[in-house]
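Labels below follow one simple rule: chain letters A, B, ... track the order of the sequence lines, proteins then strands, and each chain is numbered from 1. In what follows, every heavy atom counts, from backbone to side chain, and hydrogens, waters and symmetry copies are set aside.
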2 protein chains.
Amino acid sequence: MTGLRERKKQRTRDALIVAAHELFVTQGYDATTVDQIAEAVDVSQRTFFRYFSNKEEVALFVQDMVGTFFYEAIRASPPGEPPLECLRRTLDDIWDDVQGAVEEIVPFALHLKMCQVIETSPALLAAHLRHSLLMEEKLVQEIARRTGVDPATDPRPRVLVAAFSGVMRVAAREWSMRENTSLEVARTVTRDYLAQLGPALTADWGRRN
Amino acid sequence: MTGLRERKKQRTRDALIVAAHELFVTQGYDATTVDQIAEAVDVSQRTFFRYFSNKEEVALFVQDMVGTFFYEAIRASPPGEPPLECLRRTLDDIWDDVQGAVEEIVPFALHLKMCQVIETSPALLAAHLRHSLLMEEKLVQEIARRTGVDPATDPRPRVLVAAFSGVMRVAAREWSMRENTSLEVARTVTRDYLAQLGPALTADWGRRN
DNA sequence: GAGCGTAGTGTCAGTCGCTGACAATTGACA
DNA sequence: TGTCAATTGTCAGCGACTGACACTACGCTC
């Protein structure tokens with residue numbers, strides 16, 4: 001299982017991710033070449049592309065991990081909960097575990113800075129949005145399964161996930177632009193934005209909150 | 001105003017768009033090179049990049065036009081309407097005008113096929129999502145203006161637009177995969193999906209619609 | 001422990017998207 | 001008609017990415 005070969009591979013992959021993150025954060029995404037990343041880990045460019053199918057993938061690796069983490073948490077949730085409530089509560093529950101999972105690969109502070117790079121680099125943001133869309137589709141299937149609804153005929157799972165994800169993206173963007181990008185802030189921002197979903201859709205907006 | 005120079009420029013730009021659409025639709029986006037597009041219009045590759053900053057832009061040109069069209073329609077809407085209702089009604093109103101605007105540039109049938117290409121090509125889908133995000137931000141500002149709310153402190157404009165746009169994207173995707181991609185179907189699909197926004201968010205989903 | 005098969009890597013050559021620089025052309029306007 | 005400025009083509013070059021091939025070294029068998 002843990003042959004020398006396996007461990008070596010894991011190590012160079014992690015090293016590539018960390019090196020790429022550091023370069024992206026300090027120089028910017030576009031200004032960093034794949035050659036620089038490969039050189040920092042002392043492998044050839046060709047090897048880089050054997051680990052990651054493109055430059056975006058190494059930048060979004062951790063993000064994708066977090067997404068998968070959330071998805072698995074939903075899967076593991078007890079059934080019977082109303083779907084929106086399930087999404088909301090699960091999200092609220094896993095922050096600390098997410099941090100732990102991230103730190104097995106990249107220092108958390110580096111990940112936070114990387115989030116800002118993703119939001120500000122056009123190419124990276126585009127790729128991120130597409131990855132999110134793929135994850136949304138998986139969430140749709142899971143929500144449909146849990147509620148015993150057929151997503152091919154009933155639009156509610158897709159509509160719910162689309163609305164939820166849209167709000168989460170807005171919250172993430174808002175959060176990434178604060179001075180204080182701590183876990184605690186992330187938790188409250190997402191909570192607040194989700195709480196606004198109902199009020200925002202109602203016909204009349206009385207002034208003030 | 002309409003000098004020979006202007007008209008010539010307009011013509012090559014339109015020719016590039018049409019040629020690109022035809023190539024993308026028949027060969028696929030990735031399989032089409034910029035050289036092919038330029039050659040089809042008998043200009044140099046360099047000239048192509050003077051009209052469009054990258055390959056995605058020519059593919060998304062019409063989509064962006066439609067987005068801008070919707071935005072302008074919102075701007076022109078009478079004030080006082082509840083925000084969600086304004087988005088919904090405006091969308092419902094402009095379908096025919098959109099078709100007319102599109103057909104000034106590209107045959108509508110070609111545009112419809114192009115929509116499917118966008119949904120199925122990863123690179124193009126990613127770029128499309130990013131463009132949509134930019135348009136969402138403009139919508140946020142406009143909704144905030146109309147309701148007299150400050151989007152920097154009140155999250156409701158962003159939340160509303162995010163939810164609305166998310167649902168529209170899902171509807172568009174669903175529509176583009178139908179056999180019948182007519183305007184009439186588009187109108188009903190978007191209407192139905194938007195109508196599901198409320199029910200999808202409520203705590204309990206009774207079986208069946 | 002020698003030797004064999006194969007997974008992982010480096011090198012090289014080539015394609016494609018995209019850009020800057022410079023020269024040539026051509027419409028606009030006096 | 002002649003000058004100015006906008007448009008275009010050509011060329012050279014960078015960076016992302018890929019296929020092909022040869023080489024190294026891990027892992028497993030005998």
Side-chain angles (χ1 to χ4, degrees), chain A residues 1-17 19-21 23-24 26-61 117-118 121-128 130-131, chain B residues 1-17 19-21 23-24 26-61 117-118 121-128 130-131:
Chain A
M1 205 53 167
T2 31
L4 173 54
R5 221 168 212 166
E6 291 292 326
R7 273 176 288 136
K8 223 171 170 181
K9 242 172 59 170
Q10 192 79 1
R11 253 188 292 132
T12 58
R13 198 207 55 167
D14 291 353
L16 281 171
I17 295 175
H21 273 61
L23 286 167
F24 291 157
T26 55
Q27 309 181 349
Y29 178 73
D30 291 321
T32 302
T33 70
V34 173
D35 281 319
Q36 286 175 5
I37 303 170
E39 196 177 1
V41 184
D42 209 61
V43 296
S44 71
Q45 193 212 48
R46 193 66 182 86
T47 295
F48 174 92
F49 283 113
R50 289 200 178 95
Y51 280 92
F52 305 97
S53 52
N54 49 51
K55 191 176 150 187
E56 291 147 10
E57 203 175 298
V58 67
L60 297 176
F61 187 90
V117 173
I118 293 173
S121 160
L124 221 39
L125 179 57
H128 173 57
R130 187 174 62 84
H131 284 221
Chain B
M1 203 57 165
T2 30
L4 173 57
R5 218 168 216 166
E6 292 291 325
R7 271 177 290 138
K8 221 172 170 179
K9 240 171 62 171
Q10 193 79 2
R11 253 187 293 132
T12 57
R13 197 208 55 169
D14 291 352
L16 282 171
I17 295 175
H21 274 60
L23 287 167
F24 291 156
T26 54
Q27 309 180 348
Y29 178 74
D30 290 322
T32 302
T33 70
V34 174
D35 281 320
Q36 287 176 5
I37 303 171
E39 197 177 0
V41 185
D42 208 60
V43 296
S44 70
Q45 192 211 49
R46 195 65 182 85
T47 294
F48 173 92
F49 283 114
R50 288 200 178 96
Y51 281 90
F52 305 97
S53 52
N54 50 52
K55 191 176 154 188
E56 292 148 10
E57 204 176 296
V58 68
L60 298 177
F61 187 89
V117 174
I118 293 173
S121 159
L124 221 38
L125 178 57
H128 172 56
R130 188 174 60 86
H131 284 221

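- Positionally, the nearest nucleotide of DNA chain D for B/Thr47 lies more toward the 5' end than for the other of A/Tyr29 and B/Thr47.
- Closest approach to the B/Lys8 side chain among D/dT7, C/dG8, C/dG27 is made by C/dG27 (side chain taken as heavy atoms from C-beta onward).
- One atom, CG of A/Leu23, and another, P of D/dG15, lie 14 Å apart when rounded to the nearest Å.
- Under 4.0 angstrom from either OP1 or OP2 of D/dT7 there lies no side-chain N or O belonging to B/Tyr51.
- Counting atom types as modelled, B/Arg5 pairs a side-chain N or O with a base atom of C/dT26 as donor and acceptor under 3.5 Å.
- Listed nucleotides: D/dT8, C/dT11, D/dC17. Nearest to the side chain of A/Lys55: D/dC17.
- As rounded to whole Å, 11 Å separates atom C1' of C/dA28 from atom CD of B/Glu6.
- Checked by atom type and distance alone, the side chain of A/His21 pairs as donor or acceptor with a backbone atom of A/Ile17 at under 3.5 Å.
- With rounding to the nearest 0.5 Å, the separation of CD in A/Gln45 from CD in A/Gln36 is 11.5 Å.
- In this structure, the CZ atom of B/Phe48 is 11 Å from the P atom of C/dT19, given to the nearest Å.
- For B/Arg46 against C/dG20, a side-chain N or O and a base N or O form a donor-acceptor pair under 3.5 Å.
- Between A/Phe49 atom CZ and D/dA20 atom P the separation is 18 Å, expressed in whole Å.
- Rounded to a whole Å, the CZ atom of B/Phe52 is 12 Å from the P atom of D/dT8.
- Counting distance only, with no hydrogens placed and no angle test, the side-chain atoms of B/Arg7 and the base atoms of C/dG27 include no donor-acceptor pair under 3.5 Å.
- One atom, CZ of A/Arg50, and another, C1' of D/dC21, lie 11 Å apart when rounded to the nearest Å.
- The nearest whole Å value for the distance from the CD atom in B/Glu39 to the C1' atom in D/dG9 is 15 Å.
- Remark: A/Gln27 CD is packed, more than 12 non-hydrogen atoms of other residues, nucleotides or ligands lying under 6.0 Å away.
- What separates CD of A/Gln45 from C1' of D/dA16 is a distance of 7 Å, to the nearest Å.
- Using a 4.5 Å heavy-atom threshold, the side chains of A/Phe24 and A/Ile37 count as touching.
- By the side-chain contact (heavy atoms from CB on, under 4.5 Å) test, B/Ala127 is found to be paired with B/Glu56, B/Leu60, residues two or more places apart in sequence or in another chain being considered.
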